[in-house]
Amino acid sequence: MKQLFTNIKELLQVRENAVNKLSGAEMKELPTIKNAWLLIEDDKITDYGEMDSLPKINIDKTINAEGKIILPSWCDSHTHIVYAGNRELEFADRINGLSYEEIANRGGGILNSAKTLQDTPEEVVYQQSAKRLEEVMKLGTGAVEIKSGYGLTEEGELKMLRVIKRLQQNYNIPIKATFLGAHAIPKEYKEKPNAYMDLVIEKILPKVAEENLAEYIDIFCEKGYFSVADTHKLLSAAKKFGLKPKIHVNQFNAIGGIQAGIAHEALSVDHLEVMRPEDIESLKGTATMPVALPSCSLFLSIPYTPAREILDAGLPLALATDFNPGSTPSGNMNLVVSLACIKMKMTPEEAINAATINGAYAMELSETHGSITRGKQANFIVTREIPSYTFLPYAFGTNSIESVFINGKTVE
Ligand SMILES: N=CN[C@@H](CCC(=O)O)C(=O)O
Ligand SMILES: [Zn+2]
């Protein structure tokens, strides 16, 4: 089916020549066409241009987008959408003065979500997660990564990854699966953390690979969770099964996780709220995408990733939600883009580039997603009538989205 969008006020992120990712000063440029048309055929973008040059084409449906902006859908490269229950009681504890760390030390935090996950039937986890996925699709997300990491037992981790697989089969959106067995050390292993690493590496990882349940490997490399040595050990083992690293590093402490990720050619290093000059230096000249998660910083009242330092050093940066029950109970990429501008001093152009093409890169999807390019998937957002694209991050909390197309179909 051929669908033509006409009179588009501005078509954003139009890349004639496909790019994989954007770095440093390149991120300041957001190519657009004003007063544009866009043609899609079935699930692909086939052509676009200025209204003045609209050729005669046989089409099945015309959509008048007068006053509206069209941009590629958000590419959210870091989420924990599959989980059971919520942690709103911990939210209240934090308001009353406890820190995220204190809650975790009392057996709350990730371990709390792991207990709920283990006690919840797979079907219920699926239903709860599907609801969240549908919600973020309506908010403009057109490609997403989802991690395990609330199972922390062989059964629990495989349950989560099977739920991700079912979501992949049942939803019209690209979903990338990441194995995060090394998310926290379970209570029973508190005195013998190496035994938990052995379980993850020797028992769970081979099962994950055998059942083809994940493409990526992740670890929470952080004081009180997993060390740099654990990170090296896990990433080396995962490499043998063809799993590429996308890892949690530098959230609360800079302990060398970035360097470990780079040594294993990580696709991305995520969080980065605490960055030393040598961390920025290490990322130069690598293919590793730094990923910032500003809604986590908002929710936990922790520092924001120093985006300006990263971009001014010539590095790329992607933005993602980190949607999870503990540190970011929100999967709203529109809020993430606003926070990037308001709190991290990224320009609207930089933030949109970071949330589209660079997010796609952090999921190895930039050949097919993240820009308006002929031949790419027809995944895009149609806004309401808004004055300019800067209005998107400016009017934070306002829903500026009218409709979302994924693979050429409207998200209902
Ligand atoms: N930091 C590690 N993992 C998640 C939070 C997990 C949780 O609190 O449940 C994150 O990315 O913020
Ligand atoms: Zn995370």
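Computed from a predicted model, the values in this text were never measured in an experiment. Below, each value reflects all heavy atoms present in this structure, side chains not excepted, and no hydrogens, waters or symmetry copies. Note that the numbering runs from 1 along the sequence shown for the chain. Just follow the structure's listing: the first ligand is 1, and inside any ligand the first atom is 1.
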- Query: Any idea which atoms of ligand 1 are less than 4.0 Å away from a heavy-atom of G326?
  - Reply: 7 (C), 8 (O), 9 (O)
- Note on the structure: Under 4.0 Å from one or more heavy atoms of I110, ligand 1 contributes atoms 6 (C), 7 (C), 8 (O), 9 (O)
- Query: Can you list the atoms of ligand 1 that are under 4.0 Å from a heavy atom of Q251?
  - Reply: 1 (N), 2 (C), 12 (O)
- For atom 10 (C) of ligand 1, the closest protein heavy atom turns out to be D322 OD2, 3.1 Å
- Does any donor atom in the side chain of D270 or H78 lie under 3.5 Å from an acceptor atom in the other side chain? yes
- Query: With the Zn ion (ligand 2) at the apex, how many degrees lie between NE2 of H80 and NE2 of H248, rounded to 10 degrees?
  - Reply: 100°
- Item | Under-4.0 Å heavy-atom contact with ligand 1, by part of H248 that carries it | side chain
- Contacting atoms of ligand 1, where contact means under 4.0 angstrom from a heavy atom of N324: 4 (C), 5 (C), 6 (C), 7 (C), 8 (O), 9 (O), 10 (C), 12 (O)
- Query: Taking all atoms of both residues into account, what is the closest heavy-atom pair of I247 and G261, and its distance?
  - Reply: CD1-CA, 3.7 Å
- Taking the side chain from D76 and the backbone from V144, do they hold a donor-acceptor pair closer than 3.5 Å? no
- Which of the listed options, H183, K147, R87, holds the heavy atom that is closest to atom 3 (N) of ligand 1? H183
- Within-cut-off N or O pair, H271 and ligand 1, under 3.5 Å: yes
- Message: Considering Y225, F323, Y150, F299 one by one, which has a heavy atom nearer to atom 6 (C) of ligand 1 than any of the others?
- Response: Y150
- Message: How far is atom 5 (C) of ligand 1 from the closest protein heavy atom, and which atom is that?
- Response: Y100 OH, 3.3 Å
- Note on the structure: Closest non-hydrogen atoms of W37 and L11, given as atom of the first, atom of the second and distance, are O-CD2, 4.1 Å
- Item | Candidates E155, E154, E202, E157 - the one meeting salt bridge (Lys or Arg N to Asp or Glu O under 4.0 Å) with K207 | E154
- Can you name the closest pair of heavy atoms from K176 and M363 and give their distance? CE-O, 3.2 Å
- Message: If you round to 10 degrees, what value do you get for the angle at the Zn ion (ligand 2) between D322 atom OD1 and H78 atom NE2?
- Response: 80°
- Item | ligand 1 atoms in contact with S327 (distance to a heavy atom under 4.0 Å) | 5 (C), 8 (O), 10 (C), 12 (O)
- Can you name the one residue among H183, H248, K246 that meets side-chain hydrogen bond (donor to acceptor under 3.5 Å, both in side chains) with D218? H248
- Query: Minimum heavy-atom separation for P186 to L152, with atom names?
  - Reply: CG-O, 3.7 Å
- Message: Determine whether a donor-acceptor pair (N or O, by modelled atom type, separation under 3.5 Å) exists between the side chain of K159 and the backbone of T120.
- Response: yes
